[in-house]
Amino acid sequence: MMKSSLKLTAAAAVAAFIATSDIALAEEAGLTDTTIKIGMIGSLTGPAALWGWPTINGAKMVYDDINANGGINGRKIELVIEDSQCQAPLALAAAKKLISRDEVFMLHGGSCSGAILPVRDLVLKEKVPMMVLVATADEIVAQPNGYIYRAFLPGSYDGEIIANFIATSPQLKKVVVVGNTDAVANVRYPKLEESIKANNLEYLGLEPLEVEATDATAQVLKVKSLNPDAVVLVARPEASAVFLKDAAKLGLDVPVFGSTLVDLQDLLERIGDPKPMANMNVVSFYKSTLTEAPMARWVDMLKKYYPDDKVQAAAFYGTSGALAVVEALKRAGPDLSREKMVQALSEIKDMDGGPMACSVTFAADDHEGCKTGSIWGMRDGNITALGDSWK
Amino acid sequence: MLEVSGLEAGYGPQLVLKGVSMQVPKGEIVALLGGNGAGKTTTLSAIMGLISARKGTVRFAGVPIQSKPAHRVFGHGVALVPQWRELFSEMSVLEHLDLGAMQRCRRSEIGQRIESVLEYFPELRSHLHRRAGALSGGQQQMVAIARALASEPKLLMLDEPSMGLAPMIVSELGRTIKRLNETGKSILLVEQNVHLALSVASYIYIIRGGTIVKHGPTVAFADERELFQSYIG
Amino acid sequence: MTQILKLEGLMVRFGGLTAVNGVSLTIASGEIRGLIGPNGAGKTTLFNAISGLAPASAGSVHLDGLEITSKSAPQRAALGIRRTFQTVQLVQSFTVYENLLFGLHTRAGNPLTRLIVGSYATPDADADAIIDEVLDYLGMRDLKHRVVDTLTIAHQRYVEIGRALVARPKLLMLDEPTAGLSPAQIERLDDLIGRLSSDWKVSILLVEHVIPLVVKLCSRITVLDRGRVIAEGTGAEIGQDAAVQKAYLGERLDA
Amino acid sequence: MEIATLLSVGVSNGCLYGLVGLGLVLVYNAQGIPNFAHGELFMASAFAAYTANILFGLSYALSMLVAIVFAFALGVVVEFLAIRPIAMNRSLGRASTEVAIVLSTVGLMIAIKGLARIPWGDSVRKLPAAFSTETISVGGLVLSTQRLLIIVVAFVLTIAISLFFSKTSLGKKMRATSQNTAGAMLVGINTGHIYSATWGLAAICGGVAGILAAPLIFLYPDMGTRMLLKGFAAACLGGFGSVGGVFVGGLVMGIVEIFFGRYLATSMMDIFAPIIIIVVLLFRPQGLFGSRSAVRV
Amino acid sequence: MLAAVRSNILPLFFVLLFGLSFTTDAYAQYLINLMLVYVVVAQGLNLILGFAGMFAFAHGAFMAIGAYVSALLMNKFGVSYLVAMPAAGLAAALVGCSIGIPAIRVSGLYLAMVTMGFSEIVQWILRNWKPVTSGTDGISVASPVFFGVELSDDFQTFYIILAVCAVMTALAQFIIRSRLGRAFVAIRDSEIAAQSSGINVARTKVLAFAISAFYAGVGGSLFSLTQHYINPDNFNLYQTIMQFCMVIVGGASSLIGPFIGATILTWLPELLRNAQAFQEIGFGLLLIVFVIFVPKGLAGLLIDKGILPREEYSSRVRGKWVVRKERAEGSERT
């Protein structure tokens with residue numbers, strides 16, 4: 001028993017070595033006359049799996065839809081999907097596998113900034129076009145960068161939009177920030193602080209809140225003692241809900257502005273009580289709430305291709321990226337190459353962002369396609385659009 | 001009552017008992033004597049099932065028990081008072097008696113059992129609620145014996161009960177052992193105090209190097225000088 | 001004759017227990033001293049106190065004229081006190097040779113490396129010669145590269161003695177070396193111990209429960225009971241001593 | 001008022017830490033090992049309560065009962081499958097047996113977490129609170145009913161466990177076994193059963209904490225790791241000794257942590273538990289109340 | 001011939017890897033590099049856990065110290081990688097000493113908890129000391145430049161990693177065969193016997209901590225080369241547990257063990273990319289199954305079966321085949 005399992009392991013190890021040693025080079029990788037191979041990377045398992053399949057499927061449904069309608073210039077999109085578990089070594093392995101083994105034409109991936117950042121160097125060096133899936137760190141798309149594009153609101157813009165919005169209310173002067181200190185939240189702080197100061201608001205500092213916080217009493221009381229006019233809450237849904245509940249309980253009665261990490265509808269469901277939400281406002285990627293008309297097309301598409309998926313905010317984060325990829329592939333024409341693809345992406349101007357509030361515009365030296373978000377607030381117990389963007 | 005034959009046992013690679021055979025008849029006190037490291041404690045441990053026998057048999061009341069774990073051997077009615085007493089230092093005297101009794105009798109009888117045990121050790125009555133760890137050596141030995149007695153064992157095995165006790169207490173101990181025997185209990189006594197062993201036992205086994213080298217009724221060991229020689233020699 | 005070991009009023013207490021209570025003892029160079037006593041007499045604790053494993057609460061220990069009372073066990077080992085244990089303490093996964101190398105751990109090497117990393121970096125140069133000499137002496141040359149846990153207990157005890165011998169100690173302390181051995185093995189060991197002191201110019205302190213062996217090997221025997229020395233003398237003297245008899249057979253009962 | 005509020009939250013958090021710590025201490029005293037999988041027992045029980053309550057529609061009280069039974073069973077099964085085979089392996093020395101058992105609990109920690117991800121990994125879940133009114137106001141002090149429940153249950157459970165150890169025969173046997181295994185065998189105790197029972201009871205402690213905390217926090221497979229550290233800290237403060245000591249250790253931990261966060265720096269709250277663990281173990285291993293001799297270092 | 005292969009399995013392994021580097025693609029090369037990095041870290045853990053028998057639960061943290069120190073030295077001070085890497089190891093060793101000195105006061109399992117607490121604190125510092133570590137944003141690591149040539153891809157860094165891994169393996173072998181290595185084993189198996197043979201237990205333990213941390217620090221520095229970017233998440237509890245798995249599965253207290261463990265635990269997840277959901281469960285169960293059924297790990301198993309030669313603990317014995325199955329023949333001779 002022990003012996004045979006030993007042999008099996010040895011055989012597997014040998015097989016792995018042999019399997020890795022084949023080499024082949026195509027003319028233009030990932031292309032045939034009838035297919036375009038795209039590699040996707042997401043955190044499908046592990047602690048960050050929450051952001052895995054939902055976001056992948058939100059992009060995938062666009063490709064499915066295109067394939068169902070005959071593909072692009074005679075080619076259907078073929079996807080190879082790899083897991084990163086939100087860990088850098090595995091994300092890097094996945095990217096290398098996709099590029100050198102599967103020989104994909106391009107990549108569409110990244111659900112954890114920390115895991116996908118190491119991939120940036122590789123992609124630029126291998127000159128593989130890449131659309132960011134849902135990772136929000138600015139550095140991923142920062143210039144110089146010939147190949148990586150993003151078609152939704154990057155993390156740092158959240159803060160800017162919130163700060164600009166707060167500045168439109170003259171009675172709000174002093175702002176305190178409460179938030180998680182994990183990677184997802186951290187990418188938002190520098191620009192947020194900068195924008196708060198740029199708007200001549202008084203920045204009272206950052207009060208950290210554990211991602212797994214069971215209560216926020218200490219934070220709420222600390223915030224109260226600082227006597228702010230507004231609170232910016234940059235936290236994941238769980239911690240945000242905890243903070244809002246404690247804030248309501250302890251009588252912290254100032255407007256709260258949430259980032260794109262949370263969704264009003266979702267928060268409302270979590271808290272199950274509109275009262276703590278009374279002062280809540282949120283920056284959102286989307287044109288409307290999930291139940292309103294502008295989103296109906298995308299919700300229907302998800303239901304068509306992934307009927308088991310939950311219709312949730314995260315479900316459409318990746319959609320605009322896929323739309324931009326499809327648009328660029330169309331424009332690049334049947335005589336496709338990676339360089340032409342990049343060229344085509346750079347030339348996208350004012351493309352409808354699909355579910356996104358923004359319209360997507362790229363330039364050769366600016367690969368952040370989406371710079372506006374919408375702001376929503378609770379008004380009389382209803383989720384109300386407060387405006388488009390305060391960029 | 002207890003029949004041991006050809007018992008071999010040891011620790012790790014060491015074989016300590018190299019074929020021990022002995023018997024404890026019902027209602028008798030049998031003493032097992034020998035020098036340091038002769039295998040006395042190992043014999044008791046092997047009988048009790050604390051270490052497993054490698055060869056040989058141990059029968060108690062006709063039932064083979066050599067492969068049973070300690071708690072099963074205990075269930076047959078064998079109780080061991082170990083050399084190091086092995087008390088529960090943070091628990092009270094009463095709790096020790098309680099624990100001793102609870103595995104071998106009904107709940108309702110525990111009080112009665114404890115009462116009867118305390119008749120042998122009236123001194124413990126005033127310490128019932130003290131921590132065992134806070135008692136004197138002699139009192140701890142009483143607790144250890146009383147704990148074993150509370151199970152009303154058919155065979156009581158005592159491993160060097162006199163160790164570390166003052167002479168007066170040793171005499172007292174001797175009297176207690178005799179009284180226990182008078183109530184019909186079989187006793188296997190391992191002792192280094194030969195006088196104590198001679199004064200209570202009816203039959204003597206002498207063990208050396210893991211085997212029984214001499215045995216016979218107590219009268220055969222009347223000459224102390226000779227005993228000392230056979231004992232250390 | 002010079003005194004190798006001198007104990008004066010040595011006491012060892014653990015918590016409330018006094019395990020060694022004012023022991024004074026001297027061992028001459030080349031002597032084989034027996035140490036006997038009933039269970040719990042404090043023999044092993046006394047061994048630990050001499051080898052430095054148990055700190056002395058009072059009294060002093062001198063080795064070859066040098067006071068070592070406050071020295072640690074490794075320091076004492078370096079100064080020439082080596083011992084064996086009641087239950088064999090070898091690295092069971094090591095070969096005989098590798099175990100013997102432990103004995104050479106304190107051997108002086110390059111003073112500079114010693115200063116930096118202690119004795120760790122000293123190469124095992126010419127260790128082979130010393131180890132081969134010891135193994136030849138013990139008649140175990142052919143077992144040199146055997147893993148210890150494949151050896152008999154008797155051989156493991158020889159390895160323990162060998163580990164002490166390679167360091168050419170001044171004082172060798174043997175703690176119940178015959179425990180668990182067969183009569184034939186005991187006889188062979190007995191013979192070895194008898195030769196050791198003269199062949200290796202080492203004083204020996206022997207704890208044993210096989211008393212005839214002690215009587216045969218040791219010119220003088222110290223008897224310990226309840227942490228005190230109750231008698232000291234030749235085998236014959238000890239055999240006649242009332243206190244010793246009492247210690248072994250117990251107090252006479254008044255009932 | 002603010003201090004009273006902080007105190008009430010600190011105490012209720014402390015109660016949770018104390019319960020988790022208690023479970024760790026039970027296993028530690030019985031087998032001398034820190035159980036790294038304890039946080040996962042906490043997590044698994046919370047999910048068991050969730051399953052019973054949300055998926056099978058049982059009442060909160062009934063779900064709690066189901067989850068407690070589940071926790072006990074899980075503890076016993078884990079002991080039987082992953083701990084006993086190592087403890088029974090006499091060929092290892094005592095030290096390597098302990099290391100092997102600890103590694104086994106580490107293995108359990110990741111395996112249970114991975115197992116939980118299959119049904120629960122895709123989203124964050126929430127268990128409704130026991131009472132429909134979430135807060136009550138006492139003289140201006142706003143208290144969460146769930147937190148009151150935590151305090152009451154933790155107190156009751158701690159007292160119940162103390163009584164269990166001092167009054168019941170199983171409790172006495174468990175104490176006896178942890179104090180002197182050889183002695184326990186000599187009074188006919190089957191120590192194997194006692195280890196099972198200890199793991200079961202330890203799992204109940206962790207499980208109850210999980211069930212009580214579930215409505216306050218959200219349920220996800222990684223929720224146990226943070227609690228493990230806090231529980232360790234509580235156990236260290238309590239000196240790995242008495243039931244009451246650990247409970248008080250938890251309270252101290254909960255209260256100090258929240259005051260620390262409020263008046264010094266909220267960023268320090270994450271790091272508080274490991275600091276406590278290091279400082280206490282290195283400089284006062286007997287805990288706040290223990291005496292030096294009782295420590296198993 | 002076979003005997004020669006068996007007794008030189010590690011050099012042959014290095015030669016094989018060297019040869020493979022001419023035929024592999026970037027993906028396989030990356031995994032080979034990562035595997036060699038893990039070998040270095042696992043060797044460090046093995047020295048303290050397997051050989052010295054101390055339960056240190058902090059190798060993720062030591063790796064982090066190495067990775068950050070070398071990255072910061074290169075990024076902020078323009079130090080050459082040749083200097084930065086050993087500096088990373090020394091920094092980790094220094095921290096290892098400073099946690100080791102107080103930690104030797106507590107033994108066994110308290111040590112596990114103290115070191116686990118230490119790892120948490122290191123994580124916290126990495127996340128919160130933003131001016132230096134950039135917090136969770138992480139820092140990107142420049143490619144090392146040797147004589148004007150920038151070593152940026154996996155095929156180039158492979159040579160550094162292979163060389164360092166070989167040197168560290170040779171060093172580990174040297175340590176194991178020296179007095180120090182034997183002192184580790186001695187304090188693991190019997191502290192009192194060690195003391196009585198003149199081994200200073202406290203100093204040996206601190207050295208074990210320092211050396212082990214040195215390996216993890218160098219490993220962390222190499223790790224940053226394979227990633228070109230590091231952040232605190234790379235060095236969390238999961239990383240430490242991975243290292244434990246490698247040592248236990250491969251074989252604690254064996255030089256070959258870390259190679260076997262790192263190979264399996266780097267490649268297995270890649271082979272099982274299609275069965276992702278079960279990876280965590282798989283790791284957990286692997287650990288449990290090995291501690292229960294194969295406590296000596298695969299290396300121990302192979303050695304016991306006589307497939308691999310027993311590893312030596314002295315530098316003076318060469319080519320002596322000490323096979324453990326000798327137990328069968330005449331061990332009862334006296």
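Chain A is the first sequence line, chain B the second, and so forth, proteins listed ahead of strands; every chain is numbered from 1.
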Asker: Of the backbone (N, CA, C, O) and the side chain (C-beta and beyond), which part of E:Leu237 lies under 4.5 Å from a heavy atom of chain D, both, or neither?
Answerer: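 Contact with chain D: side chain only.
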Asker: Among D:Thr225, D:Val279, D:Val102, which residue forms the greatest number of heavy-atom pairs with chain E at distances under 4.5 Å?
Answerer: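 Maximum pair count with chain E is reached by D:Val102.
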Asker: Chain E: which of D:Val280, D:Ile110, D:Ile276 shares the most heavy-atom pairs with it under 4.5 Å?
Answerer: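 With the most close heavy-atom pairs to chain E, the winner is D:Ile110.
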Asker: Hey, can you tell me if D:Trp120 and D:Phe47 have their rings parallel, tilted or perpendicular (30° and 60° cut-offs)?
Answerer: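 Parallel, since the angle between the ring planes stays under 30°.
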Asker: What part of D:Leu281 is in contact with chain E, defined as an atom under 4.5 angstrom from a non-hydrogen atom: side chain, backbone, both or neither?
Answerer: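 D:Leu281 touches chain E through backbone and side-chain heavy atoms alike.
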Asker: Distance only, no hydrogens: is a donor on one side chain within 3.5 Å (strictly under) of an acceptor on the other, for E:Gln239 and E:Gln243?
Answerer: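 Result is yes, a qualifying pair exists.
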Asker: With distance as the sole test, does E:Ser197 use its side chain to make a donor-acceptor pair with the main-chain N or O of E:Ala193 at under 3.5 Å?
Answerer: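 Confirmed, E:Ser197 side chain pairs with E:Ala193 backbone.
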Asker: Apply side chain to side chain contact (heavy atoms under 4.5 Å, CB included) to residues E:Ile65 and E:Leu94 and explain how you reach the verdict.
Answerer: CA-CA 10 Å; E:Ile65 291 163; E:Leu94 210 64; over 6 Å; no
Asker: Are side-chain N/O atoms of D:Thr105 and D:His38 paired as donor and acceptor at under 3.5 Å?
Answerer: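 Result is no, nothing qualifies.
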Asker: If you tally heavy-atom pairs under 4.5 Å against chain E, which of D:Ile275, D:Ile112, D:Ile271 wins?
Answerer: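 Counting heavy-atom pairs under 4.5 Å, the top option is D:Ile271.
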Asker: Would you mind telling me which of E:Trp124, E:Phe290, E:Tyr238 has the largest number of heavy-atom pairs within less than 4.5 Å of chain D?
Answerer: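 Ranked by contacts with chain D, first place is E:Trp124.
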Asker: Which residue is it: D:Phe36, D:Tyr28, D:Tyr17? I am looking for the one with a ring-ring contact (aromatic ring centres under 6.0 Å, His included) to D:Phe232.
Answerer: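 Testing D:Phe232 for a ring-ring contact (aromatic ring centres under 6.0 Å, His included) against D:Phe36, D:Tyr28, D:Tyr17 leaves exactly one candidate, D:Phe36.
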Asker: Select, from D:Leu115, D:Ile33, D:Ile277, the one with the greatest count of heavy-atom pairs under 4.5 Å involving chain E.
Answerer: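 When all of D:Leu115, D:Ile33, D:Ile277 are compared, D:Leu115 has the most.
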Asker: Evaluate whether atom CZ of D:Phe80 has more than 12 neighbouring non-hydrogen atoms of other residues, nucleotides or ligands under 6.0 angstrom away.
Answerer: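 Atom CZ in D:Phe80 is not packed in, count stays at 12 or less.
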Asker: For the atom pair OG (E:Ser253) and CZ (E:Arg188), what is the distance rounded to the nearest 0.5 Å?
Answerer: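 Result: 4.5 Å between the selected atoms.
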Asker: Is it the side chain or the backbone of E:Phe57 that comes within 4.5 Å of chain D heavy atoms, both, or neither?
Answerer: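 For E:Phe57, side-chain heavy atoms alone lie under 4.5 Å from chain D.
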Asker: What part of D:Leu81 gets closer than 4.5 Å to chain E, counting heavy atoms only: side chain, backbone, both or neither?
Answerer: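 Backbone only.
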Asker: When heavy-atom pairs shorter than 4.5 Å are enumerated against chain E, which of D:Ala273, D:Ala233, D:Ala82 gives the highest number?
Answerer: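 Ranked by contacts with chain E, first place is D:Ala82.
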Asker: Given that the side chain runs from C-beta out, which part of D:Leu24 has a heavy atom under 4.5 Å from chain E: side chain, backbone, both or neither?
Answerer: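 No part of D:Leu24 comes within 4.5 Å of chain E.
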Asker: What part of E:Ile241 gets within 4.5 angstrom of chain D, counting heavy atoms only: side chain, backbone, both, or neither?
Answerer: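 Only the side chain of E:Ile241 comes within 4.5 Å of chain D.
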